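Here the structure comes first, spelled out in structure tokens, and everything after it is commentary.
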Amino acid sequence: MLDGTLAAIQSSYGTDTVRLRVEGGDAAWRGLEGVQLVRDLGQCQEVRFAGDPQDLLKTLAARTRVHLFEVAKPSLHDIFIRIAAPPPEEVKHA
């Protein structure tokens, strides 16, 4: 259950969502540590990144030209998916 204003709810889920557009497309950020989820929005991609978005920007800028980089609040849909998703399975070691 969520309670509060839209801004308060979005703020409580952090700043781990980045909208970006880079030269060379997804090859620039594919395989980067910390990239958890990518959605193609047509003109840009929305990336959920575990870590400091500034570190992601530095890494991308070293690899290619960055045309758009915006730290965004997660959408209500994204927040709902995070809440409703089943918890990750524990890794069992033999």
Side-chain angles (χ1 to χ4, degrees):
M1 173 103 175
L2 297 174
D3 188 30
T5 66
L6 174 59
I9 292 168
Q10 287 175 316
S11 292
S12 69
Y13 281 84
T15 57
D16 63 352
T17 303
V18 177
R19 287 190 191 101
L20 56 89
R21 184 173 62 247
V22 295
E23 206 165 277
D26 63 356
W29 48 260
R30 288 267 182 218
L32 286 179
E33 186 175 329
V35 173
Q36 298 176 330
L37 177 72
V38 178
R39 283 193 303 212
D40 189 353
L41 302 177
Q43 295 295 319
C44 65
Q45 289 79 40
E46 191 171 84
V47 176
R48 189 178 323 151
F49 183 70
D52 186 345
Q54 295 300 311
D55 292 337
L56 176 60
L57 177 58
K58 287 177 198 173
T59 301
L60 290 172
R63 291 180 170 203
T64 190
R65 182 175 298 272
V66 177
H67 297 286
L68 170 72
F69 189 91
E70 173 187 24
V71 177
K73 293 178 182 172
S75 69
L76 284 179
H77 179 264
D78 187 39
I79 293 169
F80 174 76
I81 296 298
R82 292 183 199 192
I83 292 170
E89 294 183 21
E90 291 183 26
V91 177
K92 296 181 181 180
H93 299 283

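Keep in mind that this is a model prediction, so the values were computed, not measured.
Annotation: Gln36, atom CD; neighbour count of heavy atoms from other residues, nucleotides and ligands within 6.0 Å is above 12.
The CD atom of Gln45 sits 9.5 Å away from the CG atom of Leu68 when rounded to the nearest 0.5 Å. Here CD of Glu23 is found 4.5 Å from NE2 of His67. Values are rounded to the nearest 0.5 Å.
Checked against salt bridge (charged side-chain N to carboxylate O under 4.0 Å, His left out), Arg19 has the following partners two or more places apart in sequence or in another chain: Glu46, Glu70. Partners of Asp26 according to the salt bridge (charged side-chain N to carboxylate O under 4.0 Å, His left out) rule, which considers only residues two or more places apart in sequence or in another chain, are Arg30.
Checked options Thr17, Leu20, Val47, Val71; the residue passing with Pro53 is Val71 (criterion: side-chain contact (heavy atoms from CB on, under 4.5 Å)).
A donor-acceptor pair under 3.5 Å is formed between the side chain of Arg63 and the backbone N or O of Ala28.
A heavy-atom distance below 4.5 Å is not found between the side chains of Leu32 and Phe49.
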